[in-house]
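Presented below is the structure to which this report refers.
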Amino acid sequence: MAILLLMTACRGEELLPPTETETRGDKQSGSLSGFYLLNEGNMGQNKATLDYYDFEKALYTRNIYGAANPDMVQALGDVGNDLKVYGNRLYAVINCSNLIEVMDKRTAVHIGTIEIPNCRYLTFDGAYGYVTSYAGPVQLGNKQIGYVAKFDTATLQIVDTCFVGYQPDEVEVAGNKLYVANSGGYLVPNYETKLSVIDLNTFEVIDSILVAINLHRVRKDNENMLWVTSRGDYADNPARLFRVNPLSKQITDTFELAAGDLTIYGDSLYYCGMDYAAGGAMSGIINTHTRQQVSTSIITDNTVLDTPYGIAIHPDSGYVYMTDAGTYINPGVLYCFTRDGKQLWNVRTGDIPAHITFIYK
């Protein structure tokens, strides 16, 4: 066990992997220059990698971090858990390496790091970033309560912390409040069941909202309603998707869906994931305003994904980008679909492709 903890607590000391490029899709003009894709990599192997797709050149580049940082011997690290752009910086949460890698958003050149133990997901508001932390090591039975760290985006210094529930995952800003999805994933079968509500002015927990066991995702729609996912217990309690009114603290709608990832585009919520009880790979669309299921499959041609894992929507064209993690131990695949679900192109990625963030010109 001591060896495992040592491996998961540090970044890889090996040389950075080689950069590879290939042309995919058609050249595009518009408000976006491209997008980054963070490949999670397998735990304990320091295989998180960063890819980039250039819209104007229709060029996909794997392992761009190495080319952008030739003087660094350390790779991104162990398990890429989240990726966000804020201001002129790109932030990659590297979970088991206990840090956020901060880069220039146009070049991916290293700027600095923020050390956060067992960090998970982040969001931003004003001059600050907020990142969830499991606090303790990656270990079942870990009863160390988790927290949200607040950091200054100018200095990259942590300025405050707020303890929430056990093993907090996604976090979302709505109004002047921060909503945190607590999972309790290390305490199986005694999972957490609530969203923690933090006042951004005082940075203190002021309330909680009861939803379901083992919470994961929390996203805000255009009407400031929260869409929250529960992983369930992988046995008697299935995974579900909930619509929560943060003002009344009530669940307004429940969908029996194993939404591993989701994204909101206009009034449409796109989701994908694996529902083994219902047959495996799944995806679909929900209208967030009418709260009706619009489609039970995003894909309308013969394309088959083995393990749908991540999803993003092009802000201008509405094209759907969906990742396939495959076997989780080999390189995955990124697919691009039209708005009506027809495949335009696909490309090989790193291991466990997961998180996409777009770059504006």
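Everything numeric in this text was worked out from a predicted model, so none of it was measured. No hydrogens, no waters, no symmetry mates; every other heavy atom, side chains included, goes into these values.
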Are [X] and [Y] an aromatic pair by the rule of ring centers under 6.0 Å?
X: Y191; Y: Y166; answer: no
X: Y65; Y: H110; answer: no
X: F358; Y: Y360; answer: no
X: F255; Y: Y271; answer: no
X: F337; Y: Y270; answer: no

Within-4.5 Å side-chain heavy-atom neighbours: [X] and [Y]:
X: D54; Y: T61; answer: no
X: M103; Y: I111; answer: no
X: I100; Y: T113; answer: no

Plane angle bin for [Y] and [X] - parallel if under 30°, tilted between 30 and 60°, otherwise perpendicular:
X: Y134; Y: Y186; value: perpendicular
X: Y91; Y: F151; value: tilted
X: H355; Y: Y121; value: perpendicular

Strictly by salt bridge (Lys or Arg N to Asp or Glu O under 4.0 Å), give each pair with a member in [range] just once, sequence neighbours left out.
range: residues 279-306; result: D253-R291
range: residues 169-197; result: R120-D169, D169-R231, E170-R217, E170-R219
range: residues 147-162; result: none

Are the side chain of [X] and the backbone N or O of [Y] linked by a donor-acceptor pair below 3.5 Å?
X: S133; Y: C119; value: no
X: N237; Y: D233; value: no
X: T307; Y: G326; value: yes
X: N118; Y: A135; value: no
X: S283; Y: C272; value: no

Rounding to 0.5 Å, atoms OH (Y52) and OG (S33) come to a distance of 3.5 Å
Give, for atom CH2 of W227 and atom CG of L262, the distance between the pair rounded to the nearest 0.5 Å.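 Answer rounded to 0.5 Å: 9.5 Å.
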Practice task
Salt-bridge test for E40 and K47: reply yes if a basic N is under 4.0 Å from a carboxylate O, no otherwise.
Solution key: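 No.
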For N201, I'd like to know if atom CG has over 12 heavy atoms of other residues, nucleotides or ligands within 6.0 Å.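 Yes, enclosed.
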Just by distance, no angles: are the side chains of R243 and T252 close enough, under 3.5 Å, to form a donor-acceptor pair? yes
